[in-house]
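The structure appears right after this line, and notes come after that.
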Amino acid sequence: MDTRWYGRRSGKKLRPGRQALVETLLPKIRLKVPTGGRIGSLADCFPHAPKDVWLEIGFGGGEHLAAQARAHPDIGFIGCEPFVNGVASALTLVEHDGLTNIRIFDDDARLILDALPDASIGRLFLLFADPWPKRRHERRRLVSGNTLDQFARLMKDGAEFRFASDHMDYVRWTLEQVLRHLSFAWLVCGAGDWRQPPPDWIETRYEAKAFRRGENPVYLRFFRRPRAAAADEKPLL
Ligand SMILES: C[S@@+](CC[C@H](N)C(=O)[O-])C[C@H]1O[C@@H](n2cnc3c(N)ncnc32)[C@H](O)[C@@H]1O
């Protein structure tokens, strides 16, 4: 897998308060990954064993991650984001709300996928991921055969992979990649279903930006097929 990083790692200089959080709070809640190894139990990464662990890749400023963590205090959340200004913004929310159920991996998510245990994740969010619109950059997209293989390995049977985007080419690309993968099923309840966010949806910053531009995002919910059933499936595409 090509894990070169093409995005931004930092933006404007952090304000002193945020810089202090990066230096003091982040080391306490950073997800530590054994070099070349696999984390034994995700429950041990949290102060209280969570009922389930959900993963958000590319949390931006952490608004969605923090809101989910507030709404589900019994769930442990792992958020991945290499952009330090986004991480700092998420840390302000963690501190302000006293959220103890968030762990942060402040790097490229693809670098921890290998370290996550099999069937350990109950929900995976990939929301408004960078679309890399130029054809020659498509290979940089997070959704790929390799990452889907990893998602399939680390997601529990029946776990949800939630994807949203306002970039129609990325939506088509994702549908094509996921429907070709035997481990996932797309649950559509009717025409136009993908135009409506799921009932427990929390608006993200990039989604709000899309609305301001007058664009309508697409919401896709895929489910990890039970491992035994997936073995008998044929690709839909
Ligand atoms: C367009 S922003 C969307 C942020 C947020 N999800 C939202 O909807 O407001 C995409 C984010 O994904 C992050 N990102 C891109 N590639 C990533 C990767 N491989 N691992 C983790 N985060 C990534 C970027 O740094 C950026 O913050």
Side-chain angles (χ1 to χ4, degrees), residues 1-12 14 18 22 26 29-31 33 53-71 77-94 102-116 121 123-134 137-151 154 160-171 173-174 177 194 197-198 200-213 215-221:
M1 188 190 334
D2 177 4
T3 50
R4 272 175 294 180
W5 173 252
Y6 298 99
R8 285 193 305 168
R9 290 236 174 230
S10 60
K12 278 197 287 194
L14 294 178
R18 292 190 173 206
V22 169
L26 180 58
I29 65 166
R30 178 181 276 135
L31 188 75
V33 178
V53 178
W54 295 359
L55 172 68
E56 180 168 353
I57 296 180
F59 61 67
E63 300 85 358
H64 175 270
L65 180 70
Q68 287 284 1
R70 270 194 301 271
F77 288 83
I78 298 175
C80 305
E81 177 55 65
F83 183 54
V84 68
N85 302 63
V87 171
S89 155
L91 291 172
T92 63
L93 302 173
V94 169
I102 290 184
R103 289 294 170 268
I104 290 182
F105 182 69
D106 53 327
D107 207 335
D108 184 335
R110 294 168 301 175
L111 301 175
I112 55 153
L113 296 182
D114 261 347
L116 297 175
I121 298 295
R123 191 175 288 187
L124 196 155
F125 300 97
L126 181 59
L127 309 176
F128 300 87
D130 297 325
W132 295 109
K134 292 189 179 144
H137 292 154
E138 276 174 354
R139 288 164 61 86
R140 299 180 184 181
R141 290 176 173 169
L142 253 162
V143 176
S144 73
N146 280 324
T147 46
L148 290 175
D149 286 346
Q150 288 282 30
F151 292 175
L154 57 89
E160 179 180 346
F161 166 33
R162 194 175 282 190
F163 174 95
S165 179
D166 55 327
H167 194 274
M168 292 314 124
D169 191 43
Y170 199 10
V171 169
W173 162 281
T174 298
Q177 303 271 332
W194 53 89
D200 60 342
W201 182 257
I202 291 165
E203 188 178 85
T204 82
R205 189 190 290 199
Y206 272 74
E207 181 187 20
K209 282 188 185 187
F211 286 138
R212 286 199 293 276
R213 289 194 302 270
E215 285 161 16
N216 291 316
V218 166
Y219 308 88
L220 303 177
R221 301 172 76 193

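Remember, it's 1-based here, ligands and their atoms both numbered in the order they're listed.
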>> I need the single residue from Phe125, Tyr170, Trp194 that forms a ring pair (Phe, Tyr, Trp, His ring centres under 6.0 Å) with Phe163. Which is it?
In response: Tyr170

> Counting heavy atoms only, which of Asp130, Ile112, Asp166 comes nearest to atom 15 (C) of ligand 1?
Replying inline: Asp130

> If you take all heavy atoms of Trp201 and Ala164, which pair is closest and at what distance?
Replying inline: CH2-CB, 3.8 Å

>> Taking a cutoff of less than 4.0 Å between a non-hydrogen atom of the residue and any ligand atom, is Glu207 in contact with ligand 1?
In response: no

>> Considering non-hydrogen atoms of the protein only, which is the closest contact for atom 17 (C) of ligand 1, and what is the distance?
In response: Trp5 CZ3, 3.4 Å

> Side chains of Thr92 and Ser89: is there a donor and an acceptor less than 3.5 Å apart?
Replying inline: no

> Taking Arg110 for the side chain and Arg4 for the main chain, is one N or O donor matched with an acceptor at less than 3.5 Å?
Replying inline: yes

>> Under a 4.0 angstrom heavy-atom cut-off, which atoms of ligand 1 come close to Ala109?
In response: 18 (C), 19 (N), 20 (N), 21 (C)

> What are the atoms of ligand 1, with element, lying closer than 4.0 Å to any heavy atom of Arg205?
Replying inline: 9 (O)

> Between the side chain of Asp166 and the main-chain N/O of Ala210, is any donor-acceptor distance below 3.5 Å?
Replying inline: no

> Trp173 side chain to Val143 main-chain N or O, any donor-acceptor pair under 3.5 Å?
Replying inline: yes

> Which residue owns the protein heavy atom closest to atom 12 (O) of ligand 1, what's the atom, and how far is it?
Replying inline: Gly58 CA, 3.3 Å

>> Less than 4.5 Å apart, side chain to side chain, heavy atoms only: is that true for Phe151 and Leu113?
In response: yes

> Counting from 1, what ligand 1 atoms have a heavy atom of Gly60 closer than 4.0 Å?
Replying inline: 4 (C), 27 (O)

> Any N or O on Leu127 sitting closer than 3.5 Å to an N or O of ligand 1?
Replying inline: yes

>> Is there a side-chain contact (heavy atoms from CB on, under 4.5 Å) between Tyr206 and Leu127? Walk through the geometry before answering.
In response: CA-CA 8 Å; Tyr206 272 74; Leu127 309 176; over 6 Å; no

> Does any N/O atom on Asp107 come nearer than 3.5 Å to any N/O atom on ligand 1?
Replying inline: no

> Which atom pair, heavy atoms only, marks the closest approach of Pro217 to Phe211?
Replying inline: CD-CE2, 3.4 Å

> Which atoms of ligand 1 sit under 4.0 Å from any heavy atom of Asp108?
Replying inline: 18 (C), 19 (N), 20 (N)

> Does Pro82 come within less than 4.0 angstrom of ligand 1, counting non-hydrogen atoms of the residue?
Replying inline: yes

> Going by the atom numbers of ligand 1, which of them fall below 4.0 Å from some non-hydrogen atom of Phe128?
Replying inline: 1 (C), 2 (S), 3 (C), 8 (O), 10 (C)

>> Against His64, only a single residue in Glu203, Glu207, Glu56 fulfils side chain to side chain donor-acceptor pair (under 3.5 Å); can you say which?
In response: Glu56

>> Check this for me - ligand 1, Tyr206, N or O atoms closer than 3.5 angstrom, yes or no?
In response: yes

> Nearest to atom 26 (C) of ligand 1, what protein heavy atom do you find, and at what distance?
Replying inline: Glu81 OE1, 3.6 Å

> Can you list the ligand 1 atoms lying under 4.0 Å from a non-hydrogen atom of Thr204?
Replying inline: 7 (C), 8 (O), 9 (O)

